[in-house]
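Read the structure below first, then the notes.
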Amino acid sequence: MANKITAPKGTKDILPQDAAQWQLMEAQALEIFSKYGYKEIRTPIFEATELFARGVGDTTDIVNKEMYTFEKSDRSLTLRPENTAGVVRAYIENGMSRISPPVKLWYKGPMFRYERPQAGRQRQFHQVGVELFGIKEAAADAEVIVVATNYLKSLGLNDLEVELNSLGCPDCRENFKTALKKSLESELDELCEDCKNRYEKNPLRLLDCKVPTCNAIFAQPQIQEVVQSDFICDECSVHFEEVKSYLSNMSVKYSINKLMVRGLDYYNRTVFEIKSNNLGSQNAVCGGGRYDSLVANLGGESTPAVGWAMGMERINSLIKSVEPVKIDAYIVSDTSVEAFKLAEELRAAGLSVEIDLSSKKFTKQLEKAAKTANFALILGEDEIKNNSVAVKNLDTGKQETVNRKDASERIKIGAS
RNA sequence: GCGAGUGUAGCCAAGUGGUUAAGGCUCCGGUUUGUGGUACCGGCAUUCGUGGGUUCGAUUCCCAUCAUUCGCCCCA
């Protein structure tokens with residue numbers, strides 16, 4: 001075992017027995033997103049490091065300690081830890097601001113973050129996501145959320161919770177941060193180490209600390225008063241009310257979580273998550289929100305935008321497994337050239353067909369057929385002479401000899 | 001970066017300080033060289049993650065190391 005090469009830490013093979021579920025997730029993405037007019041975009045798996053530093057935000061953990069960064073020809077490149085920054089870069093670079101808005105894009109693919117693996121968290125993982133550019137109205141926020149819930153519904157996931165919050169505009173956010181920090185100033189020494197850190201770097205995150213002593217402090221009335229206050233400005237407040245109103249009218253169930261903060265710096269106004277109780281500690285299936293300043297920050301014309309991403313491994317662990325499908329026919333023959341030719345004829349007619357490639361005995365071939373196929377096609381000397389083939393239904397055991405050219409029709413009828 | 005659990009075959013898994021390390025699934029071969037999937041027989045770990053220590057002797061006890069799982073942090 002000493003020299004066995006294994007998959008790198010935090011990576012996983014997606015094996016043939018799981019392929020059907022991944023294909024389903026991808027097929028539903030294409031189908032559902034297309035109904036809303038979203039077009040697929042495929043961006044590079046690595047980008048200039050600066051894109052993520054400026055896009056995702058250089059105060060975030062993702063950028064500070066989780067990126068796979070490497071140097072090549074004096075360029076600093078990074079394996080994408082998420083794809084919104086890449087899509088925005090492509091939007092700007094390809095002049096999509098000249099397309100009449102909205103510009104609706106979706107993507108799927110691997111992302112990379114250098115973290116300790118655990119349930120629902122890998123170093124290479126896959127996301128599917130949508131981005132909508134050019135619409136500042138609340139209808140856009142509502143649409144992307146509806147797209148998300150309908151996509152999950154199409155995979156049989158109806159009972160997931162949508163959590164909603166508004167961060168307001170940058171001014172609202174600053175006001176809230178200041179108020180919160182002020183309210184906690186006197187308690188600072190009592191907080192846990194993580195919280196002291198958050199106090200400086202990311203005050204909004206303080207509230208979902210899991211340490212009991214911290215929770216007790218946050219539960220104090222004078223602090224709750226700040227937490228529960230409507231700190232967002234009138235304009236942001238109107239926008240948020242409109243988003244909620246759309247969702248209610250679309251019968252999308254949601255709850256308001258005033259403590260929800262997104263980890264990426266670029267969000268403003270609407271933020272949301274979709275969670276499941278069946279995922280262990282990493283319970284968010286989908287996360288997203290509005291990011292009206294990102295396009296300008298990355299050098300484009302100021303363009304409002306909203307979008308989300310879902311973790312495909314997390315979705316995959318929630319959808320029920322797809323039953324393996326048998327092939328249509330397995331050809332049993334001692335004359336491999338003829339078997340080969342017959343298989344090609346049937347494949348051309350649209351069937352899935354396998355043959356024995358290793359000169360196994362008749363009974364072994366039939367055994368293999370019984371395990372893997374719905375029909376066995378027996379092609380012996382007599383059949384070849386008569387230009388016929390014996391078609392055996394492996395469920396019922398019934399067998400009949402038909403003209404070779406009718407074999408594909410016989411199987412299609414029998415299979416239906 | 002921090003904390004806890006687990007490492008016996010492709011998978012599941014029993015086991016004990018002492019001759020050849022149970023069993024099941026899968027796979028391969030045979031009983032059956034033109035009729036299967038259910039039966040029966042046989043094959044598949046010179047070795048228990050790796051290195052070192054204790055011992056007459058270690059898969060079993062100790063230490064280290066690596067891998068993996070779960071949790072913290074963070075996020076999809």
Pairwise 5' ranking along RNA chain B for A/Arg123 and A/Pro8, keeping only the more 5' one: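 That would be A/Pro8.
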Verdict with reasoning, A/Lys108 to A/Glu40, per salt bridge (charged side-chain N to carboxylate O under 4.0 Å, His left out): CA-CA 8 Å; A/Lys108 65 173 195 290; A/Glu40 185 176 2; 3.5 Å; yes
Applying a 4.0 Å non-hydrogen cut-off, can you work out what [X] is touching in the nucleic acid: base, sugar-phosphate, or nothing?
X	result
A/Gly397	base
A/Gln122	base
A/Ile378	base
A/Ala369	nothing
A/Glu383	base
A/Glu381	base
A/Gln365	nothing

Let's test this: given Watson-Crick or G-U wobble pairing with both distances under 3.5 Å, identify the partner of [N].
N	result
B/rG36	none
B/rU47	none
B/rU16	none
B/rA21	none
B/rC72	B/rG1

With [atom1] as the reference atom in both, quote the distance from [N] to [M] in angstrom, rounded to an integer.
N	M	atom1	answer
B/rG37	B/rC25	P	15 Å
B/rA45	B/rA9	P	12 Å
B/rG53	B/rC28	C1'	42 Å
B/rA58	B/rC48	P	12 Å
B/rC2	B/rU59	P	32 Å
B/rG15	B/rU20	C1'	15 Å

Could you tell me how far apart [X] ([atom1]) and [N] ([atom2]) are, to the nearest whole angstrom?
X	N	atom1	atom2	value
A/Phe125	B/rC75	CZ	P	12 Å
A/Lys326	B/rG37	NZ	P	12 Å
A/Ile62	B/rC73	CD1	C1'	13 Å
A/Phe362	B/rG37	CZ	P	12 Å
A/Ile274	B/rC75	CD1	C1'	15 Å
A/Lys65	B/rC72	NZ	P	14 Å
A/Asp382	B/rG34	CG	P	12 Å
A/Asp356	B/rU33	CG	C1'	14 Å

Of all pairs that satisfy ring-ring contact (aromatic ring centres under 6.0 Å, His included), the ones with a partner from residues 169-202 of chain A, not counting sequence neighbours: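 Checked against ring-ring contact (aromatic ring centres under 6.0 Å, His included) - neighbours excluded - the pairs reaching residues 169-202 of chain A are A/Phe176-A/Phe231.
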Pairs satisfying ring-ring contact (aromatic ring centres under 6.0 Å, His included), at least one member in residues 144-171 of chain A, at least two apart: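 Passing the test, one end in residues 144-171 of chain A: A/Phe33-A/Tyr151.
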Pair listing, side chain to side chain donor-acceptor pair (under 3.5 Å) test, anchored in residues 10-24 of chain A, at least two apart: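 Those involving residues 10-24 of chain A are A/Gln21-A/Asn316.
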Tell me whether the OP1 or OP2 atom of [N] has a side-chain N or O from [X] closer than 4.0 Å.
X	N	answer
A/Ser281	B/rC72	yes
A/Lys392	B/rG36	no
A/Arg198	B/rC73	yes
A/Gln118	B/rC72	yes

Under 3.5 Å, is there a donor on one side chain and an acceptor on the other for [X] and [Y]?
X	Y	result
A/Asn257	A/Ser255	no
A/Lys360	A/Ser358	yes
A/Gln124	A/Tyr68	no

How would you list, by chain and number, every residue that makes a side-chain contact (heavy atoms from CB on, under 4.5 Å) with [X], sequence neighbours excluded?
X	value
A/Ala339	A/Ile331, A/Ser333, A/Ile355
A/Glu190	A/Glu187, A/Ile217
A/Thr401	A/Ser388, A/Ala390

Atom pairs, N/O to N/O, protein against nucleotides 2-5 of chain B, distance under 3.5 Å?
residue	atom	partner	partner atom	Å
B/rC2	N4	A/Arg116	NH1	3.0
B/rG3	O6	A/Arg116	NH2	3.4

Taking N or O atoms only and anything under 3.5 Å, show me the protein contacts with nucleotides 28-32 of chain B, one pair per line.
residue	atom	partner	partner atom	Å
B/rG30	OP1	A/Lys361	NZ	2.6

Which residues share a ring pair (Phe, Tyr, Trp, His ring centres under 6.0 Å) with A/Phe340, sequence neighbours left out: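 Partners of A/Phe340 under the ring pair (Phe, Tyr, Trp, His ring centres under 6.0 Å) test: none.
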A/Asp194, nearest nucleotide to its side chain (from B/rC72, B/rU35, B/rU69):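 When the side chain of A/Asp194 is considered, B/rC72 is the closest of B/rC72, B/rU35, B/rU69.
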Side chain of A/Lys12 (C-beta onward), nearest among B/rG71, B/rG36, B/rU69: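 Ranking B/rG71, B/rG36, B/rU69 by closest atom to the A/Lys12 side chain puts B/rU69 first.
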Enumerate, atom names and distances included, each donor-acceptor pair closer than 3.5 Å involving a side-chain atom of residues 275-291 of chain A, sequence neighbours excluded.
residue	atom	partner	partner atom	Å
A/Lys275	NZ	A/Glu163	OE1	3.2
A/Ser276	OG	A/Asn278	N	3.0
A/Gln282	NE2	A/Gln118	OE1	2.8
A/Arg290	NE	A/Asp141	OD1	3.2
A/Arg290	NE	A/Asp141	OD2	3.0
A/Arg290	NH1	A/Ile135	O	3.2
A/Arg290	NH1	A/Asp292	OD1	2.8
A/Arg290	NH2	A/Ile135	O	3.1
A/Arg290	NH2	A/Glu137	O	3.3
A/Arg290	NH2	A/Asp141	OD1	2.6
A/Tyr291	OH	A/Glu131	OE1	2.4

Identified salt bridge (Lys or Arg N to Asp or Glu O under 4.0 Å) counterpart of A/Arg404 within the set A/Glu383, A/Glu338, A/Glu409: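 The residue from A/Glu383, A/Glu338, A/Glu409 that satisfies salt bridge (Lys or Arg N to Asp or Glu O under 4.0 Å) with A/Arg404 turns out to be A/Glu338.
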Residues from residues 29-39 of chain A lying under 4.0 Å of RNA chain B - heavy atoms: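 Output list: empty, so none.
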A/Lys136: salt bridge (Lys or Arg N to Asp or Glu O under 4.0 Å) partners, not counting sequence neighbours: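 Residues passing salt bridge (Lys or Arg N to Asp or Glu O under 4.0 Å) with A/Lys136: none at all.
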